[in-house]
**Q** 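Can you keep this structure in mind? I'll have questions shortly.
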2 protein chains.
Amino acid sequence: MNESAQSQPVAVRPDVWTAAVRRAWQSAGLRITEPRERVLAAIVRFRTPFSAEQLYAELPETGRATVYRTLEQLHTTGWVARIHAQGGEDGYVASYPGHMHHLVCTNCGAVVIFEGCVVDALVDELARQTSFAIEGHLLQLYGRCERCR
Amino acid sequence: MNESAQSQPVAVRPDVWTAAVRRAWQSAGLRITEPRERVLAAIVRFRTPFSAEQLYAELPETGRATVYRTLEQLHTTGWVARIHAQGGEDGYVASYPGHMHHLVCTNCGAVVIFEGCVVDALVDELARQTSFAIEGHLLQLYGRCERCR
DNA sequence: GTCACTGCAAAAGGTTTGCAACGGA
DNA sequence: TCCGTTGCAAACCTTTTGCAGTGAC
């Protein structure tokens with residue numbers, strides 16, 4: 001089994017991502033409003049993980065509640081992922097629904113997203129060792145990106 | 001390379017863990033006080049991840065600041081680990097310093113701790129694929145424990 | 001005796017909620 | 001028009017901080 005074939009980096013292109021979210025909102029019966037559009041635009045402007053409060057700070061003309069509610073909606077549907085920084089603060093990044101892993105640069109904060117799963121074999125191994133029926137996992141990697149090493 | 005040999009479950013036995021923390025405090029030059037002892041005792045009574053506020057609630061005779069400060073000290077030194085529950089709240093569990101992974105039961109909240117690292121090979125693989133110099137990672141697994149499946 | 005630790009109480013900071021007005025579909 | 005959405009402001013909750021008193025070594 002070739003693991004590298006299972007884990008391809010996924011780029012989040014602002015326009016593509018925004019359009020995809022809009023489509024997801026439509027098919028979910030959610031309304032596409034101007035405040036929500038502003039939230040999407042602000043999210044894709046971030047190049048590193050951001051907090052809810054930082055996102056709100058970028059949106060002076062949008063209500064705090066709207067920012068928090070929209071962010072929560074995007075998070076629960078997978079369009080925004082939560083990054084657990086090493087020993088630091090958690091943050092959010094634009095992502096895609098489904099099973100993703102994140103590689104975070106400890107220097108500049110850049111995040112590379114991986115689709116597909118590289119640890120299935122290990123999960124099987126651990127399931128055998130323990131008496132657990134393993135259902136899911138969280139994997140995040142930390143390092144230095146090409147520019148920062 | 002035998003991965004199973006590298007990942008043995010580590011049990012946290014209340015008395016052993018408490019004694020080990022006490023020893024660590026001593027060699028770090030920290031004072032062993034009654035409030036701190038109470039915090040240790042309360043931590044080992046939890047069988048599932050707990051929040052700072054939950055810990056404080058178990059310690060009516062101890063000041064909030066002391067609970068938070070002691071918990072933080074234990075967390076930064078690795079005697080308490082932070083668990084990122086799937087889509088839920090984060091929590092703390094007694095653990096041991098060093099590189100550990102956690103397997104969490106999504107039903108009862110029980111946590112199994114693994115020492116050693118099961119993903120080194122994958123890290124090498126990903127380092128080759130990306131231009132990142134990978135330095136660390138976070139891996140948590142979710143499933144159903146023997147009792148709950 | 002010294003100095004780290006404690007605990008109160010207040011401040012700070014982030015997130016949630018109620019509700020009247022608004023505006024997409 | 002209808003009903004989901006917005007935004008304000010207040011409430012809420014968790015965590016941090018200042019500081020005088022306390023107690024471990």
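Below, each value reflects all heavy atoms present in this structure, side chains not excepted, and no hydrogens, waters or symmetry copies. A note on names: the letters A, B, ... follow the listed sequences, proteins ahead of strands, and every chain is numbered from 1.
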**Q** Would you mind classifying the nucleic acid contact of B:Glu61 as base, sugar-phosphate or nothing, using non-hydrogen atoms under 4.0 angstrom?
**A** sugar-phosphate
**Q** Can you check the A:Gln54 CD to C:dG13 C1' distance for me, whole Å?
**A** 14 Å
**Q** So which one's nearest nucleotide on DNA chain D is more toward 5', B:Ile32 or B:Ala52?
**A** B:Ala52
**Q** May I ask you to say whether B:Glu125 pairs ionically with B:Arg128, meaning some side-chain N is under 4.0 Å from a carboxylate O?
**A** yes
**Q** Whole angstrom is fine here: how far is it from CG in A:Leu55 over to C1' in C:dT15?
**A** 14 Å
**Q** Sequence neighbours left out, what passes side-chain contact (heavy atoms from CB on, under 4.5 Å) with B:Pro9? Give chain and number order.
**A** B:Val112, B:Phe114
**Q** Got a list of side-chain donor-acceptor pairs under 3.5 Å for residues 142-149 of chain A, not counting sequence neighbours?
**A**
unit_1   : atom_1 : unit_2   : atom_2 : d
A:Tyr142 : OH     : A:His84  : O      : 2.5
A:Arg144 : NH1    : A:Cys148 : O      : 3.4
A:Glu146 : OE1    : B:Ser131 : OG     : 3.3
A:Arg149 : NH1    : B:Ser131 : O      : 2.8

**Q** Would you kindly give the CZ-to-P distance between A:Arg69 and C:dG14, to the nearest whole Å?
**A** 19 Å
**Q** Would you mind reading off the distance between B:Glu53 atom CD and D:dT16 atom C1', rounded to a whole angstrom?
**A** 12 Å
**Q** Going by heavy atoms closer than 4.0 Å, what residues in residues 33-43 of chain A are next to DNA chain D?
**A** A:Thr33, A:Pro35, A:Arg36, A:Arg38
**Q** Using a cut-off of 4.0 Å on non-hydrogen atoms, how would the nucleic acid contact of A:Ser51 be classed: base, sugar-phosphate, or nothing?
**A** nothing
**Q** Between A:Gln26 and A:Glu72, which residue's closest nucleotide on DNA chain C lies nearer the 5′ terminus?
**A** A:Glu72
**Q** How close do A:His75 and A:Arg82 get, heavy atom to heavy atom, and via which atoms?
**A** NE2-CB, 3.7 Å
**Q** Provide, to the nearest angstrom, the distance between the CG atom belonging to A:Leu59 and the P atom belonging to D:dC8.
**A** 13 Å
**Q** Report the nucleotide, chosen from D:dG7, C:dG14, D:dT5, that has the shortest atom-to-atom distance to any side-chain atom of A:Thr66.
**A** D:dG7
**Q** Ignoring the backbone of B:Tyr68, work out which of D:dT16, D:dT6, C:dG14 is nearest its side chain.
**A** D:dT16
**Q** Taking the side chain of B:Arg64 as its heavy atoms from C-beta onward, which of D:dC8, D:dT16, C:dT6 lies nearest to it?
**A** D:dT16
**Q** Just the rounded figure in Å: distance from P of D:dT5 to CH2 of A:Trp25.
**A** 10 Å
**Q** Please give me the minimum heavy-atom distance between B:Thr48 and B:Val93, naming the atom from each residue.
**A** C-CG1, 4.4 Å
**Q** Heavy-atom nearest nucleotide on DNA chain D for B:Leu30 versus B:Ala65: which residue maps closer to 5'?
**A** B:Ala65
**Q** When you look at CD of A:Glu89, are more than 12 heavy atoms from neighbouring residues, nucleotides or ligands closer to it than 6.0 Å?
**A** no
**Q** In whole angstrom, what separates B:Glu89's CD from D:dC13's P?
**A** 13 Å
**Q** Which pair of heavy atoms, one from A:Val12 and one from A:Ser95, lies closest together, and at what distance?
**A** CG2-CA, 4.3 Å
**Q** In whole Å, what is the span from the CG atom of A:Leu74 to the P atom of D:dT5?
**A** 13 Å
**Q** If you check every side-chain atom of A:Arg31, which of D:dG23, D:dC3, D:dT14 has the closest atom?
**A** D:dC3
